[in-house]
Novice: 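After the structure tokens below, expect a handful of questions from me.
Proteins come first, then strands; the chains are lettered A, B, ... in the order of their sequence lines, and each starts at number 1. The structure displayed is predicted, hence computed values, not measured ones.
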Protein chains: 2
Amino acid sequence: MYKPASTSESLIDAARSLFAQHGYDGTSVRAITEQAGVNLGAITYHFGSKESLYEAVLVSANAAVDRGVMAAAAGPGSPLDRICGVVRALFGVFAEQPDYPQLIMHELARSRPLPEELRQALERRIGALATLIGEGQADGSIRGGDPLLMALSVGSQPLWISLAARPIREGARIDQDDPETRGRLVESVVAFVREGLAVHPETEE
Amino acid sequence: MYKPASTSESLIDAARSLFAQHGYDGTSVRAITEQAGVNLGAITYHFGSKESLYEAVLVSANAAVDRGVMAAAAGPGSPLDRICGVVRALFGVFAEQPDYPQLIMHELARSRPLPEELRQALERRIGALATLIGEGQADGSIRGGDPLLMALSVGSQPLWISLAARPIREGARIDQDDPETRGRLVESVVAFVREGLAVHPETEE
DNA sequence: GGCGCTATCATACGAACGTTTGAAGGAGGT
DNA sequence: ACCTCCTTCAAACGTTCGTATGATAGCGCC
């Protein structure tokens with residue numbers, strides 16, 4: 001169970017935590033190397049530059065999110081069930097890895113194109129949701145509408161509510177760190193998604 | 001129609017644009033004063049510090065969002081109609097002021113408590129949505145559930161989709177700068193919110 | 001005319017930034 | 001033993017940061 005904690009790993013861990021808290025520009029290489037307990041020059045030596053270390057952190061965090069979401073999308077059950085599984089998976093991975101939401105938030109706020117690897121992952125996830133919606137429409141369990149746009153509505157809820165957890169806690173007094181509260185929140189979102197997607201004959205005209 | 005453009009106003013305008021693009025730490029006072037066409041010392045003189053200028057920018061941007069949302073919430077129509085009005089208002093204000101989404105994104109990513117004025121505004125907006133949902137439940141037009149949690153589902157869609165417009169454009173190839181595309185997107189979200197909130201007797205048990 | 005207040009200016013300050021340097025360690029192969 | 005390669009180290013590099021300083025100009029008012 002003992003971690004030898006190589007210099008590279010220590011740097012990635014420290015960098016993920018600090019980049020998540022203070023963003024790229026708000027985090028100095030001195031702060032990272034100090035928290036990692038390594039020499040100041042270690043970032044340049046192992047990663048070439050601060051920017052490259054940042055990319056490495058992004059890629060490793062994205063991979064964890066990707067695994068959870070794509071597994072849920074490929075799981076068993078009806079399309080609607082699997083969509084709800086993706087919603088739960090998003091909440092789950094963000095609850096387990098509290099650094100990821102803020103890290104992603106910082107990255108999305110930067111005015112530069114997404115790194116190609118992240119762009120592709122995002123495209124794949126939205127595409128998977130849209131495909132599931134399309135399947136549900138084909139078998140008659142999901143109402144009509146553009147699957148891609150509906151996928152945005154579905155994905156936006158777990159994403160925003162997880163990424164904005166801190167302002168939501170301050171502004172709505174909903175504390176997602178409390179497991180019971182988060183459970184009710186997740187089920188509320190799942191119910192909303194289910195109702196928002198299901199066919200409701202009486203409202204069609 | 002001529003703008004005298006006082007030093008303070010020029011600074012606020014330049015700062016809003018640059019803070020939105022590069023965040024607080026990524027924007028230097030030299031970049032701001034240069035873009036504003038004023039002396040380097042002007043920020044210290046007129047605002048006391050870079051941090052105070054940032055707060056001033058946040059407050060002015062938040063006020064614009066607040067006006068649009070609260071007006072829509074207080075408008076005429078059924079609770080459900082007014083909720084949809086809030087959704088449209090959020091999309092509208094962010095489309096008109098492209099700086100605001102990124103500015104908010106950067107602020108939410110910072111790990112520090114929200115400025116009190118913003119916290120109160122956020123609380124007021126979520127509360128207004130929750131109140132509308134409660135009214136709809138009382139008159140039987142909205143299904144059961146915790147109004148506060150359902151308000152999060154409603155608000156998260158226009159917020160996330162507007163704030164993450166750039167990654168969505170890159171990852172889902174949906175360009176919200178195109179008015180026709182944005183129109184279809186807004187109506188898709190409104191329909192989703194409507195279906196997600198409405199009572200659907202056949203799904204209750 | 002001279003005074004006082006506000007605003008703008010060029011310049012300077014010390015601190016912190018990301019990166020570079022060159023020397024020192026330390027394990028593995030011959 | 002010696003050489004080699006990878007890694008770590010303390011120190012220094014030049015640049016940029018936010019803010020402070022003191023001089024200068026414009027303008028209303030006694």
Novice: Is A:His200 reaching over with its side chain to a backbone N or O of A:Glu195, donor-acceptor style, under 3.5 angstrom?
Specialist: yes
Novice: Does A:Thr27 reach a base, just sugar-phosphate, or nothing at all? Heavy atoms under 4.0 Å.
Specialist: sugar-phosphate
Novice: With sequence neighbours left out, write down each residue that passes salt bridge (Lys or Arg N to Asp or Glu O under 4.0 Å) with A:Arg166, or none if nothing qualifies.
Specialist: A:Glu170
Novice: Applying side chain to side chain donor-acceptor pair (under 3.5 Å) as the test, list every pair that has at least one member in residues 23-39 of chain A; sequence neighbours left out.
Specialist: A:Tyr24-A:Glu51
Novice: Scan A:Ser141, A:Pro79, A:Ser78, A:Pro147 and name whichever one has a side chain to side chain contact (heavy atoms under 4.5 Å, CB included) with A:Glu135.
Specialist: A:Pro79
Novice: Describe, in one word, how the ring planes of B:Phe19 and B:Tyr54 are oriented to each other, choosing from parallel (under 30°), tilted (30 to 60°) and perpendicular (over 60°).
Specialist: perpendicular
Novice: Could you tell me from which nucleotide to which nucleotide of DNA chain D, 5' to 3', there is an atom under 4.0 Å from chain B heavy atoms?
Specialist: D:dC17 to D:dA20
Novice: Need two values: the first and the last nucleotide of DNA chain C, 5' to 3', having an atom under 4.0 Å from any heavy-atom of chain B.
Specialist: C:dT6 to C:dA12
Novice: For DNA chain D, find the residues of residues 43-51 of chain A with a heavy-atom distance under 4.0 Å and give them by number; none if there aren't any.
Specialist: A:Tyr45, A:His46
Novice: Extract all donor-acceptor atom pairs below 3.5 Å that involve side chains of residues 56-73 of chain B and protein atoms in other chains or at least two apart in sequence.
Specialist:
residue: B:Ser60; atom: OG; partner: B:Val57; partner atom: O; Å: 3.1
residue: B:Asn62; atom: OD1; partner: B:Arg125; partner atom: NH2; Å: 2.3
residue: B:Asp66; atom: OD1; partner: B:Arg125; partner atom: NE; Å: 2.9
residue: B:Asp66; atom: OD2; partner: B:Arg124; partner atom: NH1; Å: 2.5

Novice: Would you call A:Arg88 and A:Glu187 a salt bridge, taking side-chain N to carboxylate O under 4.0 Å as the test?
Specialist: yes
Novice: Between B:Asp177 and B:Arg182, does at least one N-O distance fall below 4.0 Å, as a salt bridge requires?
Specialist: no
Novice: Give a yes-or-no answer on whether the side chains of B:Ser52 and B:Ser49 include a donor-acceptor pair shorter than 3.5 Å.
Specialist: yes
Novice: Could you pick out which residue, A:Val38 or A:Arg30, lies toward the 5' side of DNA chain D when each is mapped onto its nearest nucleotide?
Specialist: A:Val38
Novice: Salt bridge between A:Arg112 and A:Glu107, side-chain N to carboxylate O under 4.0 Å?
Specialist: yes
